[in-house]
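Computed from heavy atoms alone, side chains included, the values below leave out hydrogens, waters and symmetry copies. Numbered from 1 within each chain, the chains take letters A, B, ... in sequence-line order.
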Amino acid sequence: MTSKMPLLQITASRRIAKDVYETVLTGDTGAITRPGQFVQIRIPGFYLRRPISVCDVAGDKLIIIYKILGKGTAALAKLPVGESVELLSGLGNGFMVDDVYEKPLIVGGGVGTPPLFGLAKKIIEKGFTPDVVLGFASKDDVFYEEEFRTLGLDVYVTTNDGSYGTQGFVTDKMKDLDYDYVFTCGPMPMLKAVHGVSTDGQFSFEERMGCGFGACMCCTCESKYGPKRICKDGPILFREEIVW
Amino acid sequence: MVNTKVTLSGLMMDNPIIPASGTFGFGREFAEYYDINILGSICTKGTTESARFGNPTPRVAECTAGMINSVGLQNPGIDEVISFELPQLAKIYSKPVIANISGFSVEEFVTCCQKIDSAPNVGIIEVNISCPNVRHGGMAFGTSAESAAEVTKAVKAVTTKPIYMKLSPNVTSIKEIAAACESAGADGISLINTLLGMRIDIGRRKPIIANKMGGFSGKAIFPIALRMVYEAAQTVNIPVIGMGGIETAEDVIEMMMAGATAVQVGAANLVNPYACKNIIEDLPEVMERLKIKNINDIIGIVK
């Protein structure tokens with residue numbers, strides 16, 4: 001039986017960009033049903049769990065990618081291979097890929113990129129070939145460009161300082177591309193900019209969370225249809241319901 | 001077989017474990033993790049007269065062995081709670097619940113309590129007097145004996161169900177407030193609500209919480225909660241529901257020895273959705289180990 005709070009073992013961990021780590025966790029991944037969902041990881045010594053998006057799931061392997069942004073994620077990066085961590089698994093609504101449009105576009109910004117990888121694989125399974133635009137601050141921050149390319153997708157990288165790929169923001173690159181639907185995840189200013197230049201799509205949000213499963217109301221945002229909990233009613237919102 | 005059954009003003013409970021208001025919503029999220037019918041009762045999300053969005057985000061900050069929240073009483077309003085939330089809860093939880101009511105004026109408390117009094121699955125009304133009194137300079141009702149008593153009297157006059165006043169710990173003398181509520185007719189008291197706290201993001205040089213301050217809860221506050229429950233229970237002759245930082249069956253026993261007839265589990269639910277289930281399952285074993293046959297025998301045993 002699938003556990004909603006399984007123990008998974010760290011079976012691999014590597015640094016893939018500046019302060020960014022890719023960790024493979026092995027164990028019961030059954031609670032994860034959609035790309036774009038997240039897990040809440042209990043890190044020894046910290047009261048609150050850390051919400052980390054799911055990059056990809058393959059059988060009993062769960063890949064997460066996270067950036068060291070504070071003491072909790074720093075401690076997570078230091079956990080050795082072989083150690084087990086307790087997750088609340090399969091949290092959040094995830095991306096809806098049932099009716100993908102003709103020309104989907106994937107837009108990732110910084111550590112918002114990981115959940116879009118698992119999503120890309122699902123969209124490809126549906127018979128579509130999304131273009132991928134990834135935006136980073138600088139060359140040292142870039143990751144997963146090759147992994148997306150390995151899926152057979154066209155990948156465009158932008159950096160704010162121009163040290164790699166095209167200089168500028170993801171929205172500068174989006175002008176050159178033909179798409180009718182966006183799937184995006186990244187920092188708030190980027191989401192807002194993508195919202196401004198797109199007409200339809202799904203946007204993955206981030207907010208400081210308490211529980212991660214809809215009980216505490218700490219991560220509530222406004223939407224066209226009333227308050228939404230980012231952890232439970234999100235993290236994915238449809239473009240048309242977003243209120244800035 | 002040990003006895004874990006307790007009674008709060010006529011509300012009979014299979015065990016003294018109640019998830020605390022604001023940490024359990026209206027039960028739905030936890031029903032995805034376990035059958036919540038094992039719970040002694042459920043204290044529902046704090047409800048005000050009108051719907052409230054609550055405070056801006058971030059609403060949460062981590063602390064050593066605890067957390068600060070500033071949700072700001074987000075809730076759908078009393079009418080929606082009565083017409084939708086409570087009937088929904090009745091479908092997944094067959095026992096009476098404790099309905100938590102909040103207000104920013106005496107009139108708001110009265111309206112909410114009057115309306116919720118007839119809800120069939122409400123066994124007790126818990127009145128949260130930690131919010132600011134907007135009519136009187138924003139001082140929280142629960143920080144003065146006079147205003148705590150005023151709210152108690154006003155809601156008692158319009159309800160038939162037992163009224164439990166939920167006390168704020170941010171006071172000089174909890175004994176004085178507890179005594180005032182009892183004299184004004186309260187059927188019981190519950191304590192403690194969260195302690196006012198704050199964290200600063202030293203990199204950004206700004207408070208972590210958008211609203212600057214919030215309510216500190218979690219394991220770290222247990223000794224303070226225990227002391228206040230003890231002081232209150234020494235002062236009043238009405239039942240006391242003890243809460244604040246409870247995480248284990250041992251904590252439950254300790255809180256009851258200090259004078260609590262039942263306990264509420266709050267923040268622990270948020271970091272482990274199975275927290276109440278684990279406590280309920282562990283309790284009989286811990287009682288046997290401590291040679292407690294009937295849990296009622298230890299209530300207030302520490303003098």
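Looking at B:Ala267, the atoms closer than 4.5 Å to chain A (heavy atoms on both sides) sit in the backbone and in the side chain alike. Residue contact with chain A, scored on non-hydrogen atoms closer than 4.5 Å, is absent for B:Ala210. Heavy atoms closer than 4.5 Å to chain A are found in both the backbone and the side chain of B:Pro273. With a 4.5 Å cut-off on non-hydrogen atoms, B:Phe26 does not touch chain A at all.
Counting only distance, with no hydrogens or angles, the side chain of B:Arg59 and the backbone of A:Met217 share a donor-acceptor pair below 3.5 Å.
Atoms CG and SG, from B:Asn69 and A:Cys211 in turn, are 11.0 Å apart once rounded to the nearest 0.5 Å. Rounding to the nearest 0.5 angstrom, the gap separating the CG atom in A:Leu88 from the OH atom in B:Tyr274 is 8.0 Å. To the nearest 0.5 Å, the span separating CD1 on A:Ile230 from OG1 on B:Thr57 amounts to 8.5 Å. With values rounded to the nearest 0.5 angstrom, B:Phe30 atom CZ is found 4.0 Å from A:Phe213 atom CZ.
Contact count against chain B (heavy-atom pairs under 4.5 Å) is highest for A:Glu207 among A:Met209, A:Glu207, A:Lys232. Looking only at heavy-atom pairs under 4.5 Å with chain A, the residue among B:Cys63, B:Gly54, B:Gly66 that has the most is B:Gly66. When A:Gly226, A:Cys219, A:Ala215, A:Cys218 are compared by the number of non-hydrogen pairs under 4.5 Å with chain B, A:Cys218 comes out ahead.
Looking at every heavy atom in both residues, A:Arg208 comes nearest to B:Pro58 through CD-CB, 3.7 Å.
Crowding of B:Phe104 atom CZ: a count of heavy atoms from other residues, nucleotides or ligands under 6.0 Å exceeding 12. Applying the 6.0 Å contact sphere to CD of B:Glu281 captures more than 12 heavy atoms from other residues, nucleotides or ligands. Environment of NZ in B:Lys219: sparse, with no more than 12 heavy atoms of neighbouring residues, nucleotides or ligands closer than 6.0 Å. For A:Lys4, the NZ atom is densely surrounded, since the number of other residues' heavy atoms within 6.0 Å is greater than 12. For B:Gln74, the CD atom is densely surrounded, since the number of other residues' heavy atoms within 6.0 Å is greater than 12. More than 12 heavy atoms of other shown residues, nucleotides or ligands fall within 6.0 angstrom of atom NZ in B:Lys95.
Sorted by first and then second residue, the side-chain hydrogen bond (donor to acceptor under 3.5 Å, both in side chains) pairs involving residues 38-60 of chain A (not counting sequence neighbours) are A:Arg42-A:Glu86, A:Arg49-A:Glu86, A:Arg50-B:Glu62, A:Asp56-A:Lys121. The side-chain hydrogen bond (donor to acceptor under 3.5 Å, both in side chains) pairs that include a residue from residues 15-24 of chain B are B:Thr23-B:Asn269, where partners are two or more places apart or lie in different chains.
Proximity to chain B among residues 14-24 of chain A is not found for any residue, judged by heavy-atom separations below 4.5 angstrom.
With sequence neighbours left out, the side-chain contact (heavy atoms from CB on, under 4.5 Å) criterion links B:Ser168 to B:Ser130, B:Asn170.
Side-chain contact between A:Cys216 and B:Val60 is absent, with no heavy-atom pair separated by less than 4.5 Å.
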